[in-house]
Novice: 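Once you've had a glance at the structure underneath, I'll fire off some questions.
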Amino acid sequence: MQRACQPWVDVDRYIADQLLGDAPVPAHGGLPPHDVSPPQGALLELLARLMGARSILEIGTLAGYSTLWLARALPPGGRLVTLEADPRHAEVARANLAGAAEVIVGPALETLPTLTGPFDLVFIDADKRSNAEYLRWALRLSRPGTLIVADNVVRDGRLVDRGDEDPAIAAQRRFHEMLASEPRVEATTIQTVGGKGYDGFSIALVTD
Ligand code: SAH
Ligand code: DHB
Ligand code: MG
């Protein structure tokens with residue numbers, strides 16, 4: 001990813017200072033800085049609350065930053081499951097989450113078949129090349145009314161560079177083609193700039 005432009009960084013900091021004084025502050029344990037930005041984390045919490053979500057699935061935990069935002073939306077007795085391939089990431093996340101989510105370790109395409117749905121919200125944020133497969137699993141674990149959110153689908157605009165054959169980029173085009181051809185979802189994609197650069201996320205409502 002290109003570096004973020006300074007105004008994007010400054011505005012993200014302004015938003016966090018003005019509105020997100022109670023943002024989670026997990027220990028990072030030296031893991032890569034690939035978590036959602038604070039404003040995006042707050043959006044995840046708001047979306048989950050708008051959905052009245054009682055069960056949430058996350059694919060891609062890292063240190064549990066987005067997980068902590070999602071956990072805030074859950075009512076007592078709610079269920080939050082997060083899937084992480086890297087055991088070191090899962091260990092850092094478990095310490096940060098302190099029981100707020102169930103962390104399941106293993107490649108998500110191996111652990112997804114062990115889950116029982118439906119989930120009210122699914123957040124896809126793991127290895128980018130698998131986003132289309134994760135969308136298929138999200139649909140399988142959905143009910144009408146489930147919201148599916150997928151991070152990192154724009155990637156500096158590389159989404160629309162058809163000559164870019166990086167599997168992590170080509171996968172975002174397949175992901176969009178699947179959204180377009182799937183009659184069960186209404187979806188859009190929002191481009192984002194901020195402290196993490198230029199990217200975007202998709203949101204899809206499962207309609208039936
Ligand atoms: N959702 C996190 C960021 C996740 S970064 C947040 O916003 O705070 C992406 C994570 O996906 C990394 O921790 C990486 O180890 C994990 N990952 C990569 N491949 C995976 C796979 N096949 N299955 C599950 N997790 C995977
Ligand atoms: C990166 C960013 C992310 O939000 C993520 O989930 C994984 C990787 C990145 O910038 O490489
Ligand atoms: Mg991400």
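Every number for a ligand or one of its atoms is a count from 1 in the order of the listing.
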Novice: If you take all heavy atoms of R184 and D208, which pair is closest and at what distance?
Specialist: NE-O, 3.0 Å
Novice: In Å, rounded to the nearest 0.5 Å, how long is the span from CD1 of I56 to OG1 of T146?
Specialist: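 Here the interatomic distance stands at 11.0 Å.
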Novice: Can you list the residues that meet the side chain to side chain donor-acceptor pair (under 3.5 Å) rule with R13, with sequence neighbours excluded?
Specialist: none
Novice: Do any of the N/O/S atoms of N152, backbone or side chain, fall under 2.8 Å from the Mg ion (ligand 3)?
Specialist: yes
Novice: Regarding Y65 and N96, is there a side-chain donor-to-acceptor distance under 3.5 Å anywhere?
Specialist: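 Not at all, the side chains of Y65 and N96 share no donor-acceptor pair under 3.5 Å.
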Novice: Show the distances, to 0.1 Å, for all pairs joining an N/O atom of ligand 1 and a protein N/O atom that are shorter than 3.5 Å, listing one pair per line.
Specialist:
from     : atom 1 : to   : atom 2 : distance (Å)
ligand 1 : 1 (N)  : G60  : O      : 2.8
ligand 1 : 1 (N)  : S66  : OG     : 2.8
ligand 1 : 1 (N)  : D125 : OD2    : 2.7
ligand 1 : 7 (O)  : V36  : N      : 2.8
ligand 1 : 7 (O)  : S66  : OG     : 3.2
ligand 1 : 7 (O)  : D125 : OD2    : 3.2
ligand 1 : 8 (O)  : S66  : N      : 3.1
ligand 1 : 8 (O)  : S66  : OG     : 3.3
ligand 1 : 13 (O) : L62  : N      : 3.3
ligand 1 : 13 (O) : E84  : OE1    : 2.7
ligand 1 : 13 (O) : E84  : OE2    : 3.3
ligand 1 : 13 (O) : H89  : ND1    : 2.7
ligand 1 : 15 (O) : E84  : OE2    : 2.6
ligand 1 : 15 (O) : H89  : ND1    : 3.1
ligand 1 : 19 (N) : D127 : OD1    : 3.4
ligand 1 : 22 (N) : D127 : OD1    : 3.3
ligand 1 : 22 (N) : Y134 : OH     : 3.4
ligand 1 : 23 (N) : A108 : N      : 2.8
ligand 1 : 25 (N) : A85  : N      : 3.1

Novice: How is the N/O/S atom of D125 that comes nearest to the Mg ion (ligand 3) named?
Specialist: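 Atom name returned: OD1.
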Novice: Please name the pair of heavy atoms, one in L121 and one in F123, separated by the smallest distance, quoted to 0.1 Å.
Specialist: CD2-N, 4.0 Å
Novice: Could you identify the N, O or S atom of D151 positioned closest to the Mg ion (ligand 3)?
Specialist: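 The D151 atom nearest to the Mg ion (ligand 3), restricting to N, O or S, is OD2.
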Novice: Any side-chain donor paired with an acceptor under 3.5 Å for D35 and H28?
Specialist: yes
Novice: Please check if the side chain of E182 supplies one atom and the backbone of V206 the other of a donor-acceptor pair under 3.5 Å.
Specialist: no
Novice: Out of T61, T111, I104, L141, which residue meets the side chain to side chain contact (heavy atoms under 4.5 Å, CB included) rule with V81?
Specialist: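 That would be I104; it is the only one of T61, T111, I104, L141 passing the side chain to side chain contact (heavy atoms under 4.5 Å, CB included) with V81.
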Novice: In plain terms, say whether D86 and R88 are close enough for a salt bridge, that is, a side-chain N and a carboxylate O under 4.0 Å apart.
Specialist: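 Counted as a salt bridge, because a side-chain N and a carboxylate O are separated by less than 4.0 Å.
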Novice: Tell me yes or no: between the side chains of E58 and S66, is some donor less than 3.5 Å from an acceptor?
Specialist: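 Short answer, yes.
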Novice: Taking only heavy atoms of the protein into account, state which residues are under 4.0 angstrom from an atom of ligand 2, in chain and number order.
Specialist: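 For ligand 2, the residues that come within the 4.0 Å heavy-atom cutoff are M1, H34, D125, K128, D151, N152, R155.
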Novice: Under the 4.5 Å side-chain heavy-atom rule for ILVMFWY, direct or indirect, which residues accompany V9?
Specialist: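 Joined to V9, directly or through intermediates: none.
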